[in-house]
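Comments concern the structure below.
Residue numbers begin at 1 in each chain, while the letters A, B, ... track the order of the sequences.
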Number of protein chains: 2
Amino acid sequence: MPRAGLNRAAVVDLALAVVDDGEFEGLTLAAVAGRAGVAVPSLYKHVAGLADLRREVALRAVAELVARLREATEGRRGADAVTAVAHAVRGYAAERPGRYAAVQAAPALGDDPQGRLGAVSAEAVDVIADALRAAGVAGSGDDVVHVVRVVRAAVHGFVDLERRGGFGLPQDRDASFARLVDVLVAGLPITAPRATRAAAPPGGPGRPRGR
Amino acid sequence: MPRAGLNRAAVVDLALAVVDDGEFEGLTLAAVAGRAGVAVPSLYKHVAGLADLRREVALRAVAELVARLREATEGRRGADAVTAVAHAVRGYAAERPGRYAAVQAAPALGDDPQGRLGAVSAEAVDVIADALRAAGVAGSGDDVVHVVRVVRAAVHGFVDLERRGGFGLPQDRDASFARLVDVLVAGLPITAPRATRAAAPPGGPGRPRGR
DNA sequence: GGCGTTGGCTAATACCCTTAGCTTTCTGGC
DNA sequence: GCCAGAAAGCTAAGGGTATTAGCCAACGCC
């Protein structure tokens with residue numbers, strides 16, 4: 001009887017694949033074992049159990065989202081960075097709903113023995129904070145924290161409601177999202193002006209505004 | 001062997017009790033049966049299964065939240081209504097985290113045979129819409145829809161992140177929430193002025209601002 | 001080539017939901 | 001007051017899930 005040649009990374013890859021065609025809640029050892037062509041208990045040779053696997057999936061997802069945020073805010077500051085963050089998050093959730101759910105579930109996933117999850121989550125906050133700090137968000141460090149929370153909350157709330165089917169009416173959701181971003185930009189203490197449409201930052205002209 | 005005297009409403013009551021000391025995900029037929037002092041299959045005499053029970057719990061929770069929103073917006077319009085809605089939602093989530101999770105899970109709960117859940121959800125949106133419409137939110141009906149979505153998204157996002165432990169830093173979350181409300185009020189097209197502190201609306205002076 | 005490590009397996013336990021079918025209790029009409 | 005029939009409980013059984021224990025075969029290295 002030949003071996004399947006699994007290892008921890010491969011198991012997590014399969015778990016991500018499971019999450020990608022389903023919900024995060026649908027991540028099950030049985031599903032992963034099925035894809036691996038292996039009996040369920042065999043997975044315990046690579047992973048400490050379902051909780052461990054969930055944690056690992058969340059870690060990957062958060063890291064991936066951080067990378068996207070970094071890329072999206074590259075060279076942008078202030079209002080423009082807020083817009084970029086908003087669209088990056090919504091885009092990620094649309095593309096990979098299961099992974100986005102994993103990101104959200106991350107804090108509740110318990111032990112986090114090496115604190116890796118906490119570290120990479122803090123990184124996510126830093127990426128946003130840096131973009132805002134560089135844009136003149138008012139002095140005190142606490143202020144930046146509050147502003148980052150406001151941005152995260154607003155964007156996450158919209159994305160989460162959308163993902164869960166919370167918007168029952170037929171009106172255009174892209175327009176609603178654009179509206180949300182406008183409200184954020186208008187209400188936040190950002191000194192850097194919003195980039196004009198003519199002098200569009202990297203990403204090319206006509207960067208999608210409504211998606 | 002005496003009867004337990006259950007009925008559909010009583011089973012749902014017990015389910016709500018289960019949800020109230022745990023998470024919505026922890027709602028299990030076994031737990032309900034345990035509280036009822038009854039074997040698990042007996043519940044099927046009153047409820048069509050776990051999915052049905054979940055739906056019923058969600059229905060109750062949404063109705064309860066709607067009632068609170070109605071009460072909170074009573075006599076308030078515009079900016080003040082937005083503040084009231086925000087605090088009502090956050091207060092409900094803090095007081096009954098499991099039920100708030102049920103509200104959020106509602107749209108994903110499937111069939112909703114009589115459309116009761118859809119109806120009461122629409123009611124929730126209407127309560128907010130009415131308060132804003134009466135406050136001069138600009139003309140077209142679509143505009144009201146977008147604004148209501150912005151408010152719902154921002155508030156829900158904050159509450160959801162908070163509930164999930166998504167705010168790792170020690171800074172005061174009440175202050176962050178107040179900031180979020182300020183951003184909403186500042187960014188929305190509300191004509192009605194914010195009620196002055198001196199002429200505080202029903203609820204008494206010094207209504208909690210940071211909770 | 002042997003031997004230890006490793007990665008698979010089966011078996012067993014303990015949860016969970018759900019269906020089927022039985023029995024007991026309550027209730028309502030005569 | 002009695003006697004159906006309906007309603008509400010039960011046990012038994014079957015199919016998911018995760019997890020632990022213990023076995024055995026394959027791989028790799030000396």
Side-chain angles (χ1 to χ4, degrees), chain A residues 1-59 98 101-102 105-106 108-113, chain B residues 1-59 98 101-102 105-106 108-113:
Chain A
M1 22 223 80
R3 295 199 178 182
L6 290 181
N7 53 48
R8 187 171 175 95
V11 169
V12 176
D13 285 342
L14 290 171
L16 284 167
V18 169
V19 165
D20 283 339
D21 18 289
E23 274 303 309
F24 181 63
E25 290 72 32
L27 173 56
T28 192
L29 289 183
V32 173
R35 280 178 193 248
V38 134
V40 173
S42 307
L43 296 177
Y44 283 78
K45 287 292 157 75
H46 307 287
V47 147
L50 183 59
D52 184 31
L53 184 58
R54 284 213 187 103
R55 215 157 19 228
E56 210 63 26
V57 165
L59 185 63
L109 255 38
D111 282 354
D112 190 17
Chain B
M1 22 218 80
R3 295 198 176 180
L6 289 181
N7 54 48
R8 187 171 175 94
V11 170
V12 176
D13 285 341
L14 289 170
L16 283 168
V18 169
V19 164
D20 282 339
D21 20 289
E23 274 303 309
F24 181 63
E25 291 72 32
L27 173 56
T28 191
L29 289 184
V32 174
R35 279 176 192 249
V38 135
V40 174
S42 307
L43 297 176
Y44 283 78
K45 286 291 156 78
H46 308 287
V47 146
L50 183 58
D52 185 32
L53 184 58
R54 284 213 188 103
R55 214 155 20 227
E56 209 64 26
V57 166
L59 185 63
L109 256 38
D111 282 353
D112 189 17

Exercise for the section: Measure from the side-chain heavy atoms of B/Arg3 and tell me the nearest of D/dA25, D/dG9, D/dA8. Expected result: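 So the side chain of B/Arg3 is nearest to D/dA8.
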Handout entry: Of the listed nucleotides C/dT10, C/dG8, D/dC10, the one nearest the side chain of A/Ser42
Key =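 Nearest nucleotide to the side chain: C/dG8.
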Practice task
Using heavy atoms and a sub-4.0 Å distance, could you list which residues of residues 50-58 of chain B are near DNA chain D? By number, please.
Solution key: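 None - not one residue of the stretch has a heavy atom sitting under 4.0 Å from the strand.
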Handout entry: Contacting residues from residues 5-29 of chain A, given that a heavy atom lies under 4.0 angstrom of DNA chain C
Key =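 Close to the strand are A/Gly5, A/Leu6.
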Problem - Listed once per pair and sorted, the side chain to side chain donor-acceptor pair (under 3.5 Å) pairs that draw on residues 10-19 of chain B, sequence neighbours left out - result: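 Passing the test, one end in residues 10-19 of chain B: B/Asp13-B/Arg60.
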Protein-nucleotide distance ([X], atom [atom1]; [N], atom [atom2]), rounded to Å:
X	N	atom1	atom2	value
B/Leu43	D/dC10	CG	C1'	13 Å
B/Tyr44	C/dT18	OH	C1'	4 Å
B/His46	C/dT18	NE2	P	16 Å

Please write out each protein N/O paired with an N/O of nucleotides 21-24 of chain D under 3.5 Å, distance rounded to 0.1 Å.
none

Handout entry: side chain to side chain donor-acceptor pair (under 3.5 Å) involving B/Asp20 - partner list, sequence neighbours excluded
Key =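 B/Asp20 satisfies side chain to side chain donor-acceptor pair (under 3.5 Å) with B/Arg99 once adjacent residues are dropped.
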Exercise for the section: Sequence neighbours left out, what passes side-chain contact (heavy atoms from CB on, under 4.5 Å) with A/Ala48? Give chain and number order. Expected result: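 Only A/Asp52 meet the side-chain contact (heavy atoms from CB on, under 4.5 Å) criterion with A/Ala48.
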Handout entry: Beyond-backbone contact of B/Val18 with B/Val57, side-chain heavy atoms, under 4.5 angstrom
Key =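 They are not in contact (no side-chain heavy atoms under 4.5 Å apart), so the answer is no.
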Handout entry: Donor-acceptor contact present, side-chain A/Arg55 to main-chain A/Leu109, <3.5 Å
Key =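 Yes, because the side chain of A/Arg55 sits within donor-acceptor range (under 3.5 Å) of the backbone of A/Leu109.
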Practice task
Give A/Val38 one of three labels, base, sugar-phosphate or nothing, depending on what nucleic acid heavy atoms sit under 4.0 Å from its own.
Solution key: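 Touches sugar-phosphate only.
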Donor-acceptor pairs are to be reported for all side-chain atoms of residues 22-47 of chain A against protein atoms at under 3.5 Å, with residues two or more places apart or in another chain.
residue	atom	partner	partner atom	Å
A/Glu23	OE1	A/Arg163	NH1	3.4
A/Arg35	NH2	A/Asp21	OD2	2.5
A/Ser42	OG	A/Ala39	O	3.2

Handout entry: side chain to side chain contact (heavy atoms under 4.5 Å, CB included) between B/Leu59 and B/Val12, intermediate numbers included
Key = CA-CA 10 Å; B/Leu59 185 63; B/Val12 176; over 6 Å; no
Problem - Axis deviation across the helix from C/dG1-D/dC30 to C/dC30-D/dG1, five-pair ends, to the nearest 10° - result: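 Answer for the end axes of this duplex: 0°.
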